[in-house]
Number of protein chains: 2
Amino acid sequence: MDTQQRLIESTRELLWERGYVGTSPKAIQQLAGAGQGSMYHHFSGKAELALAALQQSAEQLRSQAEEQFGGSGHTFKRVSDYLLRERDVLRGCRIGRMAQDPDIIASPELREPLEHTFAWLRQRLETVLAEGQARGELLAGLNPKTTAAMLLAVLQGGYVLARAANSVQPYRDAIQGALSLLRTHVAEDT
Amino acid sequence: MDTQQRLIESTRELLWERGYVGTSPKAIQQLAGAGQGSMYHHFSGKAELALAALQQSAEQLRSQAEEQFGGSGHTFKRVSDYLLRERDVLRGCRIGRMAQDPDIIASPELREPLEHTFAWLRQRLETVLAEGQARGELLAGLNPKTTAAMLLAVLQGGYVLARAANSVQPYRDAIQGALSLLRTHVAEDT
DNA sequence: GTCTATAATCGGATAGAC
DNA sequence: GTCTATCCGATTATAGAC
């Protein structure tokens with residue numbers, strides 16, 4: 001991995017761990033094993049580095065989600081596979097985490113990857129649910145759009161509850177609660 | 001309001017807006033209109049101020065929640081009143097927000113108000129749901145504990161989605177999605 | 001491309017006068 | 001109780017040598 005990519009990787013880790021406000025250029029350089037001059041040669045500063053890091057994290061998140069959404073099983077299984085996928089719960093979401101950072105939210109450029117990522121996820125999940133209804137796998141009473149928004153919120157909120165409790169239990173309970181309710185809308189359920 | 005309380009109020013606002021890492025003693029002093037000496041007379045430093053601020057915010061949050069939970073209407077109404085209560089969505093939750101702050105989570109003392117608040121909320125909501133089942137207002141198939149965890153997660157996650165989108169819409173959709181699903185478990189529903 | 005030097009400002013506090 | 005002075009390291013760069 002070249003210096004430029006190492007700087008981006010270091011930024012990705014530090015943004016995840018410490019947030020934008022809590023991440024200094026110096027810390028990024030040290031983690032990447034690069035000097036000041038090197039960093040400022042490749043990037044104009046902290047903001048440009050963060051943008052590159054967020055774009056890579058967003059792309060990673062989308063491609064991971066597509067692994068479950070694009071599956072071929074029953075709609076309920078595709079959704080529950082996504083919700084139950086192994087995650088580093090106590091570390092939280094690399095993208096959702098940034099929503100609390102005032103400097104990220106205040107900058108249209110830095111907020112864009114967040115907005116785009118969640119809009120894509122919601123739309124993708126909505127499509128999965130709507131296709132499930134069209135195939136007769138899910139009851140028609142379900143609203144695909146609000147259900148998709150709810151499921152994403154349960155994930156993001158689950159991270160918050162888990163970190164507050166320093167335990168994955170509240171996260172698991174929240175996912176379980178959502179899946180139990182969704183389960184009652186599966187068609188031809190005995 | 002005396003100087004000590006003004007310092008706590010200022011800390012509460014800045015923690016909400018900027019988080020712990022992003023809040024400096026100097027900023028607290030300026031917002032409170034107090035000098036350095038004054039602040040360090042009343043508090044040992046930033047951590048002690050933050051603890052006092054978090055404790056007051058936690059108490060406020062619990063008392064506000066109790067306004068809906070302690071209501072006398074139908075269980076579904078009490079729950080939906082809580083979820084639909086007017087909130088400063090784009091600012092987020094004063095307590096949940098801190099779960100992303102590494103220095104808060106790393107400190108058992110500072111994390112305690114978060115853990116306690118969400119544990120109380122979950123338990124309180126669980127009790128409301130269980131009582132609703134006992135009264136025959138909610139179907140027995142609902143698991144009060146995981147449902148309570150899910151509803152709290154939807155709220156906290158809704159804040160995250162709203163800030164990422166710079167719009168309350170995803171928050172509203174998520175709440176709506178959760179309430180629609182819960183609605184199907186109300187007893188004697190025509 | 002990478003290095004070192006320099007710099008203005010901030011962060012988080014201590015000390016002692018009033 | 002509050003004020004001012006002082007401190008030392010961190011932050012976020014810029015400049016110029018190599």
Side-chain angles (χ1 to χ4, degrees), chain A residues 1-56 97-98 100-111, chain B residues 1-56 97-98 100-111:
Chain A
M1 198 161 33
D2 66 4
T3 299
Q4 185 167 353
Q5 187 54 36
R6 282 209 323 282
L7 284 164
I8 294 177
E9 277 302 320
S10 299
T11 305
R12 267 165 37 85
E13 290 308 302
L14 288 167
L15 286 182
W16 196 16
E17 179 78 18
R18 307 267 323 156
Y20 185 80
V21 167
T23 295
S24 71
K26 186 174 195 169
I28 294 170
Q29 294 153 26
Q30 288 177 340
L31 187 57
Q36 295 238 54
S38 186
M39 192 200 95
Y40 283 103
H41 170 75
H42 292 290
F43 299 93
S44 66
K46 178 173 163 175
E48 197 172 287
L49 256 168
L51 182 58
L54 288 178
Q55 284 169 343
Q56 289 200 4
R97 191 227 185 287
M98 310 312 297
Q100 300 300 343
D101 215 304
D103 293 359
I104 298 283
I105 296 310
S107 156
E109 279 215 308
L110 291 175
R111 188 174 60 74
Chain B
M1 198 161 34
D2 65 4
T3 299
Q4 184 167 355
Q5 187 54 37
R6 282 210 321 284
L7 284 163
I8 294 177
E9 277 302 320
S10 299
T11 305
R12 267 165 37 85
E13 291 309 302
L14 287 167
L15 285 183
W16 197 16
E17 178 77 18
R18 307 266 324 155
Y20 184 80
V21 167
T23 296
S24 71
K26 187 174 194 169
I28 294 169
Q29 293 153 27
Q30 287 176 341
L31 187 57
Q36 295 239 54
S38 186
M39 192 199 95
Y40 282 104
H41 170 73
H42 291 290
F43 300 94
S44 66
K46 177 174 164 174
E48 198 173 287
L49 255 167
L51 182 57
L54 289 178
Q55 285 169 342
Q56 289 200 4
R97 191 230 187 285
M98 311 311 298
Q100 301 300 344
D101 214 306
D103 292 359
I104 297 283
I105 294 310
S107 156
E109 279 215 310
L110 291 175
R111 188 174 61 74

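Each chain gets a letter, A, B and so on, in the order its sequence line appears, and its residues count up from 1. Quick caveat: nothing in here was measured; it's all calculated off a predicted structure.
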Within residues 11-27 of chain A: residues closer than 4.0 Å to DNA chain D (heavy atoms) | A:Thr23, A:Ser24, A:Pro25
Qualifying residues under side-chain hydrogen bond (donor to acceptor under 3.5 Å, both in side chains), relative to A:Gln4, sequence neighbours excluded | none
CG of A:Leu49 versus P of D:dA13: gap in Å, rounded?
-> 10 Å
With B:Ile105, which residues qualify under side-chain contact (heavy atoms from CB on, under 4.5 Å), at least two apart?
-> A:Arg163, B:Arg111, B:Leu114
Which pairs with one or both residues in residues 37-54 of chain B pass side-chain hydrogen bond (donor to acceptor under 3.5 Å, both in side chains), sequence neighbours excluded?
-> B:Ser44-B:Glu48
By side-chain hydrogen bond (donor to acceptor under 3.5 Å, both in side chains), which residues pair with A:Arg6, not counting sequence neighbours?
-> none
Just the table, please: protein N/O against nucleotides 2-4 of chain D N/O, every pair under 3.5 Å.
from, atom 1, to, atom 2, distance (Å)
D:dT2, OP1, B:Thr3, OG1, 3.2
D:dT2, OP2, B:Ser38, OG, 2.9
D:dT2, OP2, B:His42, NE2, 2.9
D:dC3, OP2, B:Gly35, N, 3.1

With A:Glu9 via salt bridge (charged side-chain N to carboxylate O under 4.0 Å, His left out) - residues at least two apart = A:Arg12
Take atom CD of A:Glu48 and atom P of D:dT12, then tell me their distance rounded to the nearest Å.
-> 16 Å
B:Lys46 NZ to C:dT14 P, in whole Å, measures 15 Å
Find the distance B:Ile28:CD1 to C:dG12:C1' and express it as a whole number of Å.
-> 11 Å
Grab the CG-C1' distance between A:Asp103 and D:dT12 for me, whole Å please.
-> 13 Å
Among residues two or more places apart or on two chains, list those pairs meeting salt bridge (Lys or Arg N to Asp or Glu O under 4.0 Å) that have a residue in residues 15-30 of chain A.
-> A:Arg18-B:Asp103
Residue pair B:Ile104 / B:Leu15, side-chain heavy-atom distance below 4.5 Å | no
Applying side-chain contact (heavy atoms from CB on, under 4.5 Å) to A:Ala47 and not counting sequence neighbours gives A:Tyr20
